[in-house]
Amino acid sequence: MTPETLAEKVLSAARAAFEALGLDAAVLPAHTAVERPRDPKHGDYASNIALQSAKKAGTNPRALAEQIARNLAATDGVAKVDIAGPGFLNITLDAAAAGEIAGKIVAAGPVYGDNGSMAGHHINLEFVSANPTGPVHVGGTRWAAVGDALARVMRSSGAKVTAEYYFNDAGVQISNFAASLLASAKGEPTPENGYGGEYIGEIAQQVLQQRPDALESEDPKEVFREIGVGLMFDEIKADLGNFGTHFDVYFNEKDLHDKGELDAALARLDQQGHIFESEGAVFLRTTTFGDDKDRALKKSNGEWTYFAADCAYYLDKRDRGFDKLVLMLGADHHGYIGRMQAMSQAFGDKPGTLEILIGQMVNLLKDGQPVRMAKRYGNVITLNDIVEAIGVDAARYVLARYSSDSTIDIDIDLWTKHGNDNPVYYVQYAHSRTCGIARNAADRGVERGDGYDAALLNQPQETGLLKVLAEFPSVVATAAELREPHRIARYAEELAAAWHRFQNAGLRILPYPDEETTPVHVARLWLTDATRVVLANALGLLGVSAPERM
RNA sequence: GCCUCAGUAGCUCAGCUGGAUAGAGCACCGGACUUCUAAUCCGAUGGUCGCAGGUUCGAAUCCUGCCUGGGGCGCCA
């Protein structure tokens, strides 16, 4: 029995109890969940539904719990229901009901964990969106790992997700980038507000290779801009590809300008009555919707602001039919939330249509000191620096392992260690052990048959493992709902721990070479298969490899 | 000054949409390999959940104020 099924049974037992006691069942929640108690003495699962609903129903929690327990105890698969403390229901399942989950997991395979919690949602998820004036830096790398994992988690939860990269190929930064390339090609010093670093020189030389006459052309800076931005962006895409991060759409800011979408957005906002002019500039009255101050869309010199392009881009996304736009930004952009949310509402959208996630800073440490990567890109730490330091798997894992609200210090020594203090190795090693056992089973000709006797999985290490396995779909659903993929990593570690405990408990999975295969061996082999599936699926959601041998 | 994130064991962090005795890894101490991967496991030690109030039957979790640290407050992008 899955926790979800059990929760439904708890709820119907509660409804029946309300009826029996003549209480108003309307105070019961539409859905409830069971939790896995820390202390195994508290049974396999616990429910606090009596505590939560007793007050609303104006009754005693323990009396209510007793009635619910009586109903629940009569349910198939439930072995025992105890009442503890102020009114908790402690539920123990039949061993067979608990053990059957292994077979269900094996049957589901790669789709075990999929759930419908976000079915029907069409989500645009924008992340990284680094300017093509340089490589993807640490902050962008965090989102490359977290955003990609979140996209996978949401898809697994039934949402239709478009992963999108906004490519700022217009504006002042790009102009500075082009000017820097041009200066480098001419052997001049880096201009004010320009970009330094060896890569500028390298790209400038590549532009000259493609267009030897670039400096003599009619508009040399435009030639360097056009080709240089292309080269830089190809490099970014290659780095992201190497990192395993996939985008469905690369959106060009320039297209917004070329198609006149900024004017259209301004007109729309004007129509809604939220535009005013002041001292020759055009403003959006974002203070109407709680922003600190009103924001300029058009400067007094007639140029658009960056925010104006954001408005147009927002509208473009909405017109493409997404019902929710999720935007992942670095902590240094948190001041943008106010104006962005205000803009969303100025367009007439409901609060919650636009969701902005903020990720805190990332530091790379060696011997407790910040690492300085004074190479191609000046002092900026890039995606490739992190990959070179600890590898793709460890990089993706460490970045996705922590809540986005926490700053991350990546200790290079820790994340390159091959031991259980390195969480990514710990989880991968558990997976590779399950694969090793499957190989050994095949070598020795141990057959799985059509099924197994679920009641034989009754040792504490086995029932503990089964409970962790059963939790996976709800962990995925919660990670999607809260936009917190780090929950997947923490879960994977918990599962790996439960697996290693089972392994070290002296419970043989395969028979010794001179032994007959018994039903217990077969049941444990199914449990092993189920564990392998879930570890692989969890690592897959994080975009981390699940090696078969280590 | 305002906004925002964090403050939980010696260290790094989970837990935070209110529930039972606050968890994990590392470090430290003591154990377990003739046996499917010991890159592992078991046990012990270790905490005024930053501080002070408040709400509640119940607060690490919610509210208010304060303290400490990170980040941010442009007609920059």
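Sequence lines set the chain letters: A, B, ... in the order given, protein chains first and strands last, and positions in each chain run from 1.
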What contact category does A:N90 fall into here, base, sugar-phosphate, or nothing, at under 4.0 angstrom with non-hydrogen atoms? base

Taking protein heavy atoms under 4.0 Å as touching, what does nucleotides 56-61 of chain B look like 5' to 3' if B marks base contact, S marks sugar-phosphate-only contact and - marks none? S-----

Taking only the P atom of each, what is the distance from B:G43 to B:C26 in whole angstrom? 13 Å

Nearest whole angstrom, please: distance from the C1' of B:A38 to the CG of A:D421. 14 Å

Scan side-chain atoms only and decide if A:K221 and A:S175 contain a donor-acceptor pair under the 3.5 Å cut-off. yes

Taking B:C36 as the reference, what is the distance to B:A20 when you measure between their P atoms (whole Å, please)? 41 Å

Can you tell me the distance, in whole Å, between the OH atom of A:Y429 and the P atom of B:C36? 10 Å

Atom pairs and distances, side-chain donor-acceptor, residues 473-483 of chain A, under 3.5 Å, sequence neighbours left out:
| residue | atom | partner | partner atom | Å |
| --- | --- | --- | --- | --- |
| A:S474 | OG | A:E471 | O | 2.9 |
| A:T478 | OG1 | A:S474 | O | 2.8 |
| A:R483 | NE | A:E355 | OE2 | 2.5 |
| A:R483 | NH1 | A:A480 | O | 2.8 |
| A:R483 | NH1 | A:E481 | O | 3.4 |
| A:R483 | NH2 | A:E355 | OE1 | 3.0 |
| A:R483 | NH2 | A:E355 | OE2 | 3.4 |

Does A:K324, at its NZ atom, have more than 12 non-hydrogen atoms belonging to other residues, nucleotides or ligands within less than 6.0 Å? yes

Salt bridge between A:D443 and A:R439, side-chain N to carboxylate O under 4.0 Å? no

Quickly work out the A:H500 NE2 to B:A38 P distance and round it to whole Å. 10 Å

Do any side-chain nitrogens or oxygens of A:R439 fall under 4.0 Å of OP1 or OP2 in B:C36? no

Per the under-4.0 Å heavy-atom filter, residues of residues 506-517 of chain A near RNA chain B come out as A:L507, A:R508, A:I509, A:L510, A:Y512

With rounding to whole Å, what would you report as the distance between B:A52 and B:C16 at their P atoms? 24 Å

Regarding A:Y195 and A:T190, is there a side-chain donor-to-acceptor distance under 3.5 Å anywhere? no

For B:U37, does OP1 or OP2 lie under 4.0 Å from any side-chain N or O of A:N440? yes

How far does the C1' atom of B:C76 sit from the matching atom of B:G19, given to the nearest Å? 50 Å

What contact category does A:H418 fall into here, base, sugar-phosphate, or nothing, at under 4.0 angstrom with non-hydrogen atoms? base

Roughly how many Å apart are B:C49 and B:G7, using the P atom of each and rounding to a whole number? 14 Å

Under the salt bridge (charged side-chain N to carboxylate O under 4.0 Å, His left out) rule, what pairs show up with a residue in residues 82-91 of chain A, not counting sequence neighbours? A:K80-A:D82

Compute whether any side-chain donor of one residue and acceptor of the other, for A:N193 and A:N176, lie under 3.5 angstrom apart. no

Classify the side-chain pair A:H431/A:T434 by whether it contains a donor and acceptor separated by less than 3.5 Å. no

Rounded C1' spacing from B:A44 to B:A6 in Å: 32 Å

State which residues pass salt bridge (charged side-chain N to carboxylate O under 4.0 Å, His left out) with A:E484; sequence neighbours excluded, sorted by chain then number. A:R487

Before accepting this row, confirm whether a basic side-chain N of the pair A:D44/A:R36 lies closer than 4.0 Å to the acidic partner's carboxylate O. no

Heavy atoms under 4.0 Å, any strand shown: does A:K417 hit a base, just sugar-phosphate, or nothing? nothing

Going by ring pair (Phe, Tyr, Trp, His ring centres under 6.0 Å), name the pairs with one or both residues in residues 397-425 of chain A, residues two or more places apart or in two chains. A:H418-A:Y425

When the distance from OH of A:Y397 to P of B:G25 is rounded to whole Å, what number comes out? 13 Å

Touch check for A:A430, heavy atoms < 4.0 angstrom, all strands: base, sugar-phosphate only, or nothing? nothing

A:H334 (side chain) and B:C3 (base): donor-acceptor pair under 3.5 Å: yes

Do the side chain of A:S300 and the base of B:C75 come within less than 3.5 angstrom through a donor-acceptor pair of N or O atoms? yes

Can you list the residues that meet the side chain to side chain donor-acceptor pair (under 3.5 Å) rule with A:Y306, with sequence neighbours excluded? A:N168

Please report, rounded to the nearest Å, how far the C1' atom of B:A39 is from the CZ atom of A:R549. 16 Å

Shortest non-hydrogen contact between A:P3 and A:Y45, atoms and distance: CG-OH, 3.7 Å

Does the pair A:F177 and A:F224 meet the rule for a ring pair (Phe, Tyr, Trp, His ring centres under 6.0 Å), with working shown? CA-CA 9 Å; A:F177 175 69; A:F224 279 90; over 10 Å; no

Closest-nucleotide mapping onto RNA chain B: is A:F88 or A:A505 further toward the 5' terminus? I mean the 5' end. A:F88

Set of side chain to side chain donor-acceptor pair (under 3.5 Å) partners for A:S157, sequence neighbours left out: A:N115

With rounding to the closest Å, how many angstrom separate the P atoms on B:C63 and B:G71? 25 Å

Letter by letter from the 5' end, nucleotides 5-18 of chain B scores (B base, S sugar-phosphate only, - none; protein heavy atoms under 4.0 Å) SS-----SSSSSB-

I'd like to check the side chain to side chain donor-acceptor pair (under 3.5 Å) partners of A:H274; sequence neighbours left out, ordered by chain and number. none

Nearest-0.5 Å distance that lies between atom CZ in A:R508 and atom CD in A:E515: 7.5 Å

Taking any heavy-atom pair under 4.0 Å as a contact, classify A:Q503: base, sugar-phosphate, or nothing. base

Could you check how far CG of A:L357 sits from P of B:U4, rounded to whole Å? 16 Å

Measuring only the P atom in each nucleotide, how far is B:C62 from B:C5? A whole number of Å is fine. 11 Å

Taking only heavy atoms on the protein side, list every residue of residues 276-285 of chain A lying under 4.0 Å from any atom of RNA chain B, sorted numerically. A:S278, A:E279, A:A281, A:F283

I'd like to know if A:E277 and A:K298 make a salt bridge, using a cut-off of under 4.0 Å between side-chain N and carboxylate O. no

How long is the line joining CZ of A:R433 and C1' of B:U35, in whole Å? 12 Å

Pairing of RNA chain B as dot-bracket, 5' to 3': ( ) intra-strand, [ ] crossing, | other strand, . unpaired, with Watson-Crick or G-U pairs under 3.5 Å? (((((((..((((.....[...))))..((((.......))))......(((((..]....))))))))))))....

At under 4.0 Å, does any side-chain N or O of A:Y426 touch on OP1 or OP2 of B:C26? no

Do any side-chain nitrogens or oxygens of A:K293 fall under 4.0 Å of OP1 or OP2 in B:C2? no

